[in-house]
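Quick note on labels: first sequence line is chain A, next is B, and so on, each numbered from 1.
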Amino acid sequence: MRIATWNINGIKARLGQLEQWLRQEEPDIVCLQEIKTVDEGFPRAEIEALGYNVETHGQKSWNGVAILSRLPFDEVTRGLPGDEEDEQSRLIEGVFSVEGGIVRVCNIYLPNGNPVDSPKFPYKLAWMDRLIAYAESRLSLEEPFVLLGDFNIIPAPIDAHDPEAWWGDALFRPESLERFRRLRNLGLTDALRAVTDEPTYTFWDFQAGAWRRNAGIRIDHLLLSPQAADRLEDVIVHKDVRGWEKPSDHVPVEGVFTL
DNA sequence: ATGCCTCGGTCTCCGAGA
């Protein structure tokens, strides 16, 4: 089974690229972030025509997440618990039946948090605290659990082309990294780092020739419960997609599992 | 240089992204 994450940066602007990638790769489950539309605006029929079930958690203009799956959804959960006031659509989770059990797939778009002297940074940190509590409860189920998406976290210096330039940014500073470590220390495996020690990027800024210079960062991650990590075969970063016409600034990252 | 692109909205500019 192949489970992918892709910050699509606007589903309406990227439908052609998504259709092409789905036709080409035929992944089983695709988790999208930044769909930037309400649920009614998602091109559901076009994606269903390619053989996918579609569940969305959208909002107007910004954020928004979706899961596309060849398997039917057994359950769907929308939104991160822990703050009644939070109206941003950044989490959707699906449960799927597989041979001999289930897989639980939680798709997140973790807040960026910049600028750090604005309310956006404490929002990011509070969101991460809520995510840690959520992940802890999911891990207690002892299921194959895949927590994936755009984490807006650079885990380590090797995950940035120019780590010194990023240090202090909301993606790469002590308060953010401390929470990311706490999340992993619950018992989650960083899938990419389970298969390679090589510098690997998943995002290249639109600006300043970042793609041409390979000035990327790794911020799109798959974190795995022990039951999912046991079944991990490989991780594929679809870097070529960044070179397509009118690309997203993120590329698809895919986990291959013996599920 | 708190920009350099690119998105969505209502829109010919602005906020947000990272």
[N] to [M] separation - [atom1] atoms, rounded to the nearest Å:
| N | M | atom1 | answer |
| --- | --- | --- | --- |
| B:dC4 | B:dC13 | P | 15 Å |
| B:dA1 | B:dA18 | P | 25 Å |
| B:dG15 | B:dT10 | C1' | 13 Å |
| B:dG17 | B:dT12 | P | 23 Å |
| B:dA16 | B:dC11 | C1' | 16 Å |
| B:dC14 | B:dG3 | C1' | 16 Å |

In the 5'-to-3' direction, what one-character label does each nucleotide of nucleotides 9-18 of chain B receive under the scheme B = base within less than 4.0 Å of a protein heavy atom, S = sugar-phosphate only, - = no such atom? SS-----SBB

Could you tell me which residues satisfy side-chain contact (heavy atoms from CB on, under 4.5 Å) with [X], sequence neighbours excluded, listed by chain and number?
| X | answer |
| --- | --- |
| A:Pro111 | A:Arg90, A:Tyr123, A:Lys124, A:Trp127 |
| A:Lys120 | A:Pro115, A:Ser118 |
| A:Pro163 | A:Pro157, A:Ala160, A:Phe172 |
| A:Ala156 | A:Ile158, A:Asp159 |

Ignoring backbone atoms, establish whether A:Arg14 has a side-chain N or O less than 4.0 Å from OP1 or OP2 of B:dT6. no

If a stem is a run of at least 3 consecutive Watson-Crick or G-U pairs, both distances under 3.5 Å, which stems include DNA chain B? B:5-9 with B:13-17

Taking the cut-offs as 6.0 angstrom to the six-membered ring centre and 45 degrees off its axis, would you call A:Arg173 and A:Phe121 a cation-pi pair? yes

Residues 15-29 of chain A vs side chain to side chain donor-acceptor pair (under 3.5 Å), sequence neighbours excluded, gives A:Arg2-A:Glu25

Tell me if a side-chain donor or acceptor on A:Ser225 pairs with a main-chain N or O of A:Glu143 at a distance below 3.5 Å. yes

A:Asp190: salt bridge (Lys or Arg N to Asp or Glu O under 4.0 Å) partners, not counting sequence neighbours: A:Arg218

Checking A:Asp74 now: which residues fulfil salt bridge (Lys or Arg N to Asp or Glu O under 4.0 Å) with it, not counting sequence neighbours? none

Just call it for A:Ala208: base, sugar-phosphate, or nothing, with non-hydrogen atoms closer than 4.0 Å on any strand. base

From CZ of A:Arg213 across to P of B:dC5 the rounded distance in Å is 12 Å

